[in-house]
Amino acid sequence: MNRFLTLLLVLGLTAMLAACASGPRVAGQEVYDGQAAAGIVRPPGAQGAVIQRRLIAGLDPMAAFAGLYPLDSPHQSTEVEVLIEPAVVEAVPGREGFERLLLQVRAYRKNDAGDGFSKRYRGKASGNRDALDDIVKPLGKDLKRRFGAKPVY
């Protein structure tokens, strides 16, 4: 009888542990359909930090991304999903920024470099706006069209 109770007790404890360990089954990860975070890579050169900072300041109000973050390299470890890599092709400095500016911008999803675009943007200073201000609006429209999603609250 004592062996029977011991066996019953061991089986009962094993069943309880198995029930606690199994828990509910989760089938994969939840799909996120909201806005992606984007990183803007600093272009090489003396004006790279200025261009990066001004692009972030100009693109942020367009609300195409959940957040815009400055990056030193496209290989930097980060949680951003979209990488934006501007490169200065031609720059003519002026008194208040750039008189003329030609940027080659490559934007793509970090996990799929084929999902993106590469385009040149030409800007020219006018009035109290410099050439970079002329580039931000069309660049923002292209980024929003390609990567934009509605915010998730």
Side-chain angles (χ1 to χ4, degrees), residues 14-153:
T14 305
M16 283 180 30
L17 287 174
C20 291
S22 64
R25 302 260 183 236
V26 177
Q29 292 182 338
E30 183 178 333
V31 178
Y32 176 71
D33 289 331
Q35 291 178 319
I40 298 182
V41 179
R42 184 176 62 230
Q47 296 292 328
V50 172
I51 291 172
Q52 181 187 45
R53 189 172 50 251
R54 299 243 340 259
L55 283 175
I56 290 172
L59 293 173
D60 195 37
M62 294 186 176
F65 299 102
L68 288 167
Y69 303 96
L71 301 176
D72 294 325
S73 159
H75 308 292
Q76 185 175 334
S77 179
T78 180
E79 293 294 322
V80 299
E81 187 178 334
V82 176
L83 288 173
I84 302 167
E85 296 181 28
V88 178
V89 177
E90 177 188 328
V92 177
R95 292 181 305 195
E96 301 286 328
F98 296 100
E99 187 64 34
R100 284 192 320 252
L101 182 63
L102 178 61
L103 279 183
Q104 174 72 36
V105 178
R106 181 172 175 239
Y108 57 95
R109 292 196 186 277
K110 198 160 88 169
N111 58 357
D112 184 10
D115 183 13
F117 66 88
S118 182
K119 188 174 177 181
R120 287 187 173 201
Y121 295 89
R122 184 176 305 276
K124 184 177 178 184
S126 63
N128 61 352
R129 299 168 46 94
D130 80 335
L132 193 53
D133 293 328
D134 202 26
I135 290 173
V136 168
K137 189 172 182 179
L139 173 60
K141 284 183 178 180
D142 288 343
L143 289 169
K144 195 166 191 171
R145 187 177 309 120
R146 183 70 182 156
F147 304 108
K150 292 182 179 180
V152 175
Y153 295 105

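This structure is a prediction, so every number in the text was calculated from the model and none was measured. Position 1 is the first residue of the sequence; numbering continues from there.
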Side-chain donor-acceptor contacts of residues 108-119 below 3.5 Å, not counting sequence neighbours, with atom names and distances?
unit_1: Tyr108; atom_1: OH; unit_2: Glu85; atom_2: OE2; d: 2.4
unit_1: Arg109; atom_1: NE; unit_2: Asp115; atom_2: OD2; d: 2.9
unit_1: Arg109; atom_1: NH1; unit_2: Glu81; atom_2: OE2; d: 2.8
unit_1: Lys110; atom_1: NZ; unit_2: Thr78; atom_2: O; d: 2.7
unit_1: Asp112; atom_1: OD1; unit_2: Gly114; atom_2: N; d: 3.3
unit_1: Asp115; atom_1: OD1; unit_2: Arg146; atom_2: NH2; d: 2.6
unit_1: Ser118; atom_1: OG; unit_2: Gln104; atom_2: NE2; d: 2.6
unit_1: Lys119; atom_1: NZ; unit_2: Asp142; atom_2: OD2; d: 3.0

*Trace of the salt bridge (charged side-chain N to carboxylate O under 4.0 Å, His left out) decision for Arg54 with Asp130*: CA-CA 11 Å; Arg54 299 243 340 259; Asp130 80 335; 2.7 Å; yes
*Report the C-alpha distance between Met62 and Lys141 in whole Å, list the side-chain angles of each, state the deciding distance to 0.1 Å, and finish with yes or no for side-chain contact (heavy atoms from CB on, under 4.5 Å).*
CA-CA 8 Å; Met62 294 186 176; Lys141 284 183 178 180; 5.9 Å; no
*asked:* Working note: Phe65 + Leu143, criterion side-chain contact (heavy atoms from CB on, under 4.5 Å); need CA distance, chi angles, decisive distance, verdict.
replied: CA-CA 9 Å; Phe65 299 102; Leu143 289 169; 4.1 Å; yes
*Evaluate the criterion side-chain contact (heavy atoms from CB on, under 4.5 Å) for residue pair Arg120 and Val89; output intermediate values, then yes/no.*
CA-CA 9 Å; Arg120 287 187 173 201; Val89 177; 4.0 Å; yes
_side-chain contact (heavy atoms from CB on, under 4.5 Å), that's the test. Do Leu139 and Val105 meet it? Break it down for me._
CA-CA 8 Å; Leu139 173 60; Val105 178; 3.8 Å; yes
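Contact between Pro86 and Val41 at its shortest, heavy atoms only, is CD-O, 3.2 Å. In terms of heavy atoms, Pro93 sits closest to Ala91 at CD-O, 3.7 Å. Between Ile40 and Leu59, the closest heavy-atom pair is CD1-CD1, 4.0 Å. Ile56 and Tyr69 make their closest contact through CD1-C, 4.1 Å (heavy atoms, listed as atom of the first residue, atom of the second, distance). Contact record, Ile51 with Pro43: CG2-CG, 4.0 Å, taken as the closest heavy-atom pair. Of all heavy-atom pairs between Val82 and Ala36, the closest is CG2-CB, 4.1 Å.
Counting heavy atoms from C-beta on, the side chains of Leu132 and Leu55 come closer than 4.5 Å. Looking at Val92 and Leu101, their side chains never come closer than 4.5 Å, going by heavy atoms from C-beta outward.
In this structure, NZ in Lys137 is found 8.0 Å from CZ in Arg129, a value given to the nearest 0.5 Å. With rounding to the nearest 0.5 angstrom, the CG atom of Asp134 is 12.5 Å from the OH atom of Tyr121.
Sorted by first and then second residue, the pairs that involve residues 58-80 and meet salt bridge (Lys or Arg N to Asp or Glu O under 4.0 Å), not counting sequence neighbours, are Arg42-Asp72.
Checked by atom type and distance alone, the side chain of Gln35 pairs as donor or acceptor with a backbone atom of Ala63 at under 3.5 Å.
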